[in-house]
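Let me give you the structure first, and then I'll get to my questions.
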Amino acid sequence: MPNGESKHETTRIKNTLRLIASMKPYSLEMIATIVTTFLKHIGTIGSAGIVAYMAALAMEGRLLPEFRVLFSWLCVCIVLRAVMYYGEMWFGHDVAYRVLRDFRIKLYDKMETISPAFVLKKRSGQIGATLMSDVEILEWFLAHTFGSFLVAVAITIVLLVLLAKIHILLSLLMMIFSILTIWTPFLLQKKADEQGRQVREKAAEANAVTIEGIQGLRELLTLNYLERYKGRNKESMQSLYDAQLTYGKRAGTESALMQIFVGVFTVVVMAVTAVFVSQNVLAFEVYPMVVMLSALLFSPIIEVCGVARNLGNVFAAANRIQTVFDTAPVVKDDGKDMDCSSLQHRVVFEHVSFRYDDDLDKVLDNVSFAIEPGQTVALVGPSGAGKSTCINLLLRYWDAEGGSIRIGGVDIRHMSLDNLRDLTAAVLQDVFLFNVSIRENIRLGRPEATDGEIEEAAKAAYAHDFIMELPNGYDTIAGERGFCLSGGQRQRIAIARAVLKNPPILVLDEAVSSLDSENEKFIQQALHDKLGDRTTVVVAHRLSTIMAADKLVVLDKGRVVQVGHHSELIAQEGFYKDLVANQVDKSGLLKS
Ligand SMILES: Nc1ncnc2c1ncn2[C@@H]1O[C@H](COP(=O)(O)OP(=O)(O)OP(=O)(O)O)[C@@H](O)[C@H]1O
């Protein structure tokens, strides 16, 4: 086996074992499902065998003396089948839905620890596919398939023993045909794996293209790119269809082959049994029973084959889910939970260096600056200088590679993430509003806040008036169709959240898009009035913000090139003066 292939095989086995191991918390329900499924099959086999036997006795006119006993057993089998069917459905679905629930929760929890690094590398449609459809495939395998496989094996053994009791040759015949049938999907397994992988990949891609097309609809319309994008969407759907068709064709070939084996087996068994009956080797009344049992044999076997046929899909989904589980957290929350009430709110960047990935260049190189308590520091620089990266590190979306960031002398890695999040509030450019009321959106800042406090915060953020003009005021659902907030209004909601949270340190990424002057005035005023005494770090894109800041940290290519107040720096020949001269447009916005 070539090296790559054997590695692939090892991963497959490892993944299967890990999947089975992950069922441990559900083992009791799994056992209950397996037992009820097994007994349901026994009920089916028993009732079918008894009916066949009774029919044969009736044909020979010998049914009456045995009728009571046989009929009682038939009733027992029918009741057993009905009760076990109910049990199987109950336990099976209990396991299934619990697996779905728990895996989705575990995946989301894991995403939180590895984001945003992981999330930024993936497209949201692909993440959605992992969270939703991949978990469904896994649930199907873990909850319905693994148990069915064990039951199918057990039922086949029961039938083999029953047929062997009638005649050993019948049992041998059954064994040969069972092996042939089970072998079919394994024969085509390599293809199944590859095709399963293709289908999962194409489905994730199609998902991502559609979701991006919806999220980016405004850009597509303004750029007049919608027709081309529709073409791309069609292409991805077509390529998913092609992959699914190839998958379906192979599955069809497998089914056809299996049906051939089933048909040939039934004919051979009928012929052999007829010969035995004609030679008086077997009694006549056994004949219908053998035909019935041999017909029943294949339903569990075909179930097993169905599992094998879909293993390609299962492994692909498992790989994707396990990639998420195996990804190491970008930021380890192993700092001490400390009392931060007496902490001074002085923020210091000390020789901070950082790169987003091992194989990428440094984006921050030996960055040092300090923000005194209550001071506002504006990070200024051309696009790509590293301003947002400083914010990402201060909020611990990533950790610095070299140097440290300290708050009140404590390295932020040495405090818990909860501590850090209590100390800071961020108002970032893209404010996300959840599809709940405006009131609940603001309440995110402090979940225990009263309605009165929420309104106070909204007033402080100059958001109260426009909220009152919405159809249902504070109870208006933020994401509802037909109603939309402007970028400036969203930022004011975010400021209201920050006011409500009332943190000692404020992190602000100023909107790059031009806000109308009224919105800008309100935002500046809200920040100044209510949050002006906080220790603030702002990624500044506006000359008005820059001029109002106590200190500017001018960055270029990940290095600090100048530090000082606007009035000092603009008076000096240097990078900052050139930046302002060359990049500030008429609206006072630094061009990127
Ligand atoms: N998630 C990421 N993965 C890899 N590289 C990144 C990532 N985010 C940013 N970068 C790179 O890091 C560098 C600094 O980016 P950063 O966003 O900090 O710049 P910025 O000064 O905030 O720019 P802008 O004003 O345009 O927002 C850029 O070269 C950018 O391409």
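Ligands are counted one by one from 1 in listed order, and the atoms in each one are counted from 1 as well.
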If you measure from the Lys or Arg side-chain nitrogens to the Asp or Glu carboxylate oxygens, is any gap between Lys202 and Glu205 under 4.0 Å?
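Salt bridge: no.
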Atoms in ligand 1 flagged as close to His541, the criterion being non-hydrogen separation under 4.0 Å
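In order of numbering, the contacting atoms are 25 (O).
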Of the options Val377, Ile505, Ile371, Leu506, which is the one that meets Thr536 in a side-chain contact (heavy atoms from CB on, under 4.5 Å)?
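Checked Val377, Ile505, Ile371, Leu506 against Thr536; only one passes side-chain contact (heavy atoms from CB on, under 4.5 Å): Leu506.
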Verify the distance criterion only: is there a donor paired with an acceptor across the side chains of Asp418 and Ser416 at less than 3.5 Å?
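Side chains of Asp418 and Ser416: no pair found under 3.5 Å.
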Considering Gly386, Ser388, Ala540, Cys390 one by one, which has a heavy atom nearer to atom 22 (O) of ligand 1 than any of the others?
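Among Gly386, Ser388, Ala540, Cys390, the closest heavy atom to atom 22 (O) of ligand 1 comes from Ser388.
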Could you pull out all donor-acceptor pairs under 3.5 Å where a side-chain atom in residues 234-244 meets a protein atom, sequence neighbours excluded?
residue : atom : partner : partner atom : Å
Ser236  : OG   : Asn233  : O            : 2.9
Gln238  : NE2  : Asp242  : OD1          : 3.1

Partner residues of Phe575 under the ring-ring contact (aromatic ring centres under 6.0 Å, His included) criterion, sequence neighbours left out:
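For Phe575 there are no ring-ring contact (aromatic ring centres under 6.0 Å, His included) partners, ignoring immediate neighbours.
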Atoms of ligand 1, numbered as shown, that sit under 4.0 Å from any heavy atom of Pro382:
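Under 4.0 Å from Pro382, ligand 1 has these atoms: 21 (O).
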Under 3.5 Å, N or O to N or O, is Ala385 touching ligand 1 that way?
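By distance alone, the answer is yes.
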Heavy-atom distances under 4.0 Å are what count here, so tell me which part of Thr389 touches ligand 1: side chain, backbone, both or neither.
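The part of Thr389 near ligand 1 is both the backbone and the side chain.
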With nothing but distance in play, are any N or O atoms of Trp398 less than 3.5 Å from an N or O of ligand 1?
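No; every N/O pair is 3.5 Å or more apart.
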